[in-house]
Protein chains: 2
Amino acid sequence: MGAMDKSPQTADGTVGKALHVLDMVAAHMRPVRFNDILTDSPYPKATLYRLLQTLTNQGMLSFDPDGGTYAPGIRLVRLAHSAWRQSSLAPLARPHLDELSSQVQETIHLAQLDRGQVLYVDKRNAATPVEMFSQAGKVGPGYCTGVGKAMMAYLNDDAREDAIRHQSYFRHTDHTLTSPDALRAELAHIRSRGVAYDREEHEVGIICIAAPILLPGGRMIGALSITTSTQHKSLRDLDQLEPMLQACANNIAGAAENWQFPS
Amino acid sequence: MGAMDKSPQTADGTVGKALHVLDMVAAHMRPVRFNDILTDSPYPKATLYRLLQTLTNQGMLSFDPDGGTYAPGIRLVRLAHSAWRQSSLAPLARPHLDELSSQVQETIHLAQLDRGQVLYVDKRNAATPVEMFSQAGKVGPGYCTGVGKAMMAYLNDDAREDAIRHQSYFRHTDHTLTSPDALRAELAHIRSRGVAYDREEHEVGIICIAAPILLPGGRMIGALSITTSTQHKSLRDLDQLEPMLQACANNIAGAAENWQFPS
DNA sequence: TATCTAGTTTCATTATTTGGAACTACTACA
DNA sequence: TGTAGTAGTTCCAAATAATGAAACTAGATA
């Protein structure tokens with residue numbers, strides 16, 4: 001048997017498989033039947049069946065007997081609370097986002113990178129007050145969002161190539177970058193410029209300016225963006241906000257720096 | 001080998017063990033060293049070591065090389081988003097909580113039961129605007145909180161006895177119920193009364209009135225509470241709010257009822 | 001340098017996972 | 001009512017992965 005044919009997603013023995021199944025259930029946005037999962041799972045029926053049983057047993061999934069459907073379980077909500085507090089930038093960045101939000105009347109996103117994808121961990125909306133859990137945890141593509149490109153640009157070479165490789169390059173709009181080469185060039189440009197733009201690459205009419213959050217050592221720990229619509233503002237207008245965006249990114253980096261497990 | 005000597009926490013093979021380890025890491029509220037986990041883990045060094053490696057590999061934990069500490073990983077945040085939206089009452093209850101919140105100038109909690117413990121899934125605070133993810137996912141004890149008792153009271157007999165058995169009965173205040181019998185009696189009383197009170201049982205000066213959320217069939221799916229301080233209001237005052245509390249609980253139950261996977 | 005502690009690797013043994021296939025329970029259709 | 005199909009569950013021998021005692025390594029401490 002070849003040694004190269006295990007997908008990275010699926011490695012790591014039984015636990016890896018179980019977590020992969022968990023992901024598959026979570027990926028559908030509604031409760032799923034056994035068969036739905038079976039369809040896009042690499043595992044044989046019996047195996048999948050037992051993985052689902054185990055996960056349900058453990059409270060990671062919930063099973064609805066009428067309808068026979070599985071959904072992510074509340075044990076995850078409990079675990080996530082602690083993950084969000086400890087491993088995300090959000091709690092640390094909160095005051096700085098509040099400050100930026102008061103300076104800028106636009107939507108602000110705070111994101112981190114999770115396996116080449118953008119994970120939004122906090123958000124401020126100009127209009128509506130705050131709307132959290134429902135937004136934090138959302139994922140988006142890396143290659144066609146401002147925060148995604150800003151973060152990828154500042155990964156080290158290996159990690160960056162890896163991330164470039166894992167994008168889908170789906171053409172969302174006419175402006176979407178649809179090849180690894182185009183993306184690679186864009187990332188180089190972002191590095192020299194210091195900020196990334198989303199030029200309606202993900203959604204027509206939506207543009208943004210994004211900055212990476214970099215620790216003094218240079219390590220990239222996340223990104224921050226200011227989003228607006230073309231009806232409302234232009235990229236030039238967004239450039240006006242760059243100093244505030246960068247200042248906020250720096251403040252967050254500073255807060256993250258001076259923070260290693262207070263005894 | 002006996003069949004009875006596996007703790008329920010730890011059953012379910014390797015996956016169960018891995019998830020147990022995940023819980024242990026999440027339970028500490030700061031990043032933990034290998035040894036910290038080893039201390040309160042039932043697993044031998046080598047086993048624990050590999051479980052941690054697997055989990056880290058999978059992004060369920062993050063490992064910080066300086067300091068050699070583990071913390072819950074951001075993959076959890078992503079999973080939780082979908083769990084919160086699908087398996088918690090919160091998204092469904094949101095408009096009803098908003099309504100109650102506007103009627104009542106007090107703190108409101110929405111909770112569900114997770115293995116005998118209270119899991120808060122949403123919150124409205126009279127003073128501060130909204131403060132979500134940081135609150136949702138929090139856990140609390142069942143035997144000494146209003147929502148905890150309200151939920152336990154309406155479990156079926158088996159599940160209720162099970163929950164009663166799993167409480168710690170730590171004496172937080174002079175009013176804390178500290179024995180299964182006392183709790184059992186209180187739960188019977190709650191069932192006859194329809195609401196539960198927290199009479200400074202968890203924290204001195206903090207009282208609340210809580211109602212279960214019951215589907216028409218009688219199944220308990222969560223609880224709702226209005227909290228205040230003794231300086232501010234008395235239990236009698238809280239009784240004035242009972243109709244609104246119950247109405248809100250009913251509304252949420254109604255919303256939950258008329259909601260089975262819309263195709 | 002010696003001693004201790006924390007973390008990592010090894011490897012033969014053991015136990016669990018695996019998955020093809022058989023089975024059951026429903027549903028749909030003739 | 002019978003027959004075919006679909007969805008979910010159980011079985012069991014073979015294959016594989018997990019186990020854990022012990023040896024080892026790297027840092028820290030004295």
Side-chain angles (χ1 to χ4, degrees), chain A residues 1-25 28 30-58 60-71 260-261 263, chain B residues 1-25 28 30-58 60-71 260-261 263:
Chain A
M1 292 152 194
M4 279 284 299
D5 48 17
K6 294 214 165 188
S7 94
Q9 296 250 44
T10 308
D12 271 324
T14 318
V15 175
K17 284 170 211 166
L19 294 176
H20 182 205
V21 170
L22 196 57
D23 268 348
M24 290 192 297
V25 174
H28 290 79
R30 54 181 86 255
V32 269
R33 289 260 176 83
F34 177 80
N35 220 38
D36 301 330
I37 309 166
L38 181 59
T39 304
D40 44 44
S41 112
Y43 312 113
K45 234 199 220 186
T47 302
L48 179 65
Y49 179 72
R50 278 166 314 199
L51 288 174
L52 286 170
Q53 286 216 135
T54 303
L55 289 168
T56 303
N57 235 303
Q58 291 290 324
M60 299 297 280
L61 290 179
S62 68
F63 179 69
D64 179 355
D66 359 316
T69 55
Y70 296 88
Q260 293 293 27
F261 18 84
S263 76
Chain B
M1 294 152 192
M4 279 284 300
D5 48 16
K6 294 214 166 188
S7 94
Q9 295 251 48
T10 308
D12 271 325
T14 319
V15 175
K17 283 170 210 165
L19 294 176
H20 182 205
V21 170
L22 196 57
D23 269 348
M24 291 192 297
V25 174
H28 291 79
R30 55 182 83 257
V32 269
R33 289 262 179 82
F34 177 80
N35 221 37
D36 301 329
I37 309 166
L38 182 59
T39 304
D40 44 45
S41 110
Y43 313 113
K45 233 201 223 186
T47 300
L48 179 64
Y49 179 72
R50 277 167 313 197
L51 287 173
L52 286 169
Q53 286 218 134
T54 303
L55 288 167
T56 304
N57 236 301
Q58 291 289 325
M60 299 298 280
L61 291 178
S62 68
F63 179 69
D64 179 355
D66 0 315
T69 55
Y70 296 88
Q260 293 295 27
F261 19 84
S263 78

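Just the heavy atoms: all of them, side chains too, but no hydrogens, waters or symmetry mates, feed the values below. Everything numeric here is computed off the predicted structure, so don't read it as measured data. Letters A, B, ... are given to chains in the order of the sequence lines, protein chains preceding strands, and every chain is numbered from 1.
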Given the rule in the side-chain contact (heavy atoms from CB on, under 4.5 Å) test, do A/Leu52 and A/Val25 qualify, once you have shown the distances and angles that lead to the verdict? CA-CA 10 Å; A/Leu52 286 170; A/Val25 174; 4.3 Å; yes
For A/Asp40 and A/Met24 the tightest heavy-atom approach is O-SD, 3.3 Å
Could you list all N or O pairs between the protein and nucleotides 25-27 of chain D that sit under 3.5 Å apart?
none

How does each nucleotide of nucleotides 5-10 of chain C score, in 5' to 3' order, for protein heavy atoms under 4.0 Å: base (B), sugar-phosphate only (S), or none (-)? -SBBB-
With the side chain counted from C-beta on, respond yes when A/Thr69 and A/Phe34 share a heavy-atom pair under 4.5 Å apart, and no when they do not. no
With a cut-off of less than 4.0 Å, is there a side-chain N or O of B/Thr47 near OP1 or OP2 of D/dG20? yes
With sequence neighbours left out, the residues meeting side chain to side chain contact (heavy atoms under 4.5 Å, CB included) with A/Asn57 are B/Asp12
Taking side chain to side chain contact (heavy atoms under 4.5 Å, CB included) as the test, write out the residues that go with B/Asn35, two or more places apart. B/Leu38
Nearest heavy-atom approach of B/Leu55 to B/Ala18 is CD1-O, 3.4 Å
Using the six-membered ring wherever Trp is involved, compare the ring planes of B/Phe63 and B/Tyr70 and label them parallel, tilted or perpendicular (cut-offs 30° and 60°). tilted
Results of side chain to side chain contact (heavy atoms under 4.5 Å, CB included) for A/Thr47 - residues two or more places apart only: A/Tyr43, A/Pro44, A/Arg50, A/Leu51
Angle, rounded to 10°, between the helical axes spanning five pairs at each terminus of the helix from C/dT1-D/dA30 to C/dA30-D/dT1? 40°
B/Thr54 OG1 to B/Lys17 NZ distance, which is reported to the nearest 0.5 Å: 12.5 Å
Is there a side-chain polar atom (N or O) of B/Thr14 under 4.0 Å from OP1 or OP2 of C/dT16? no
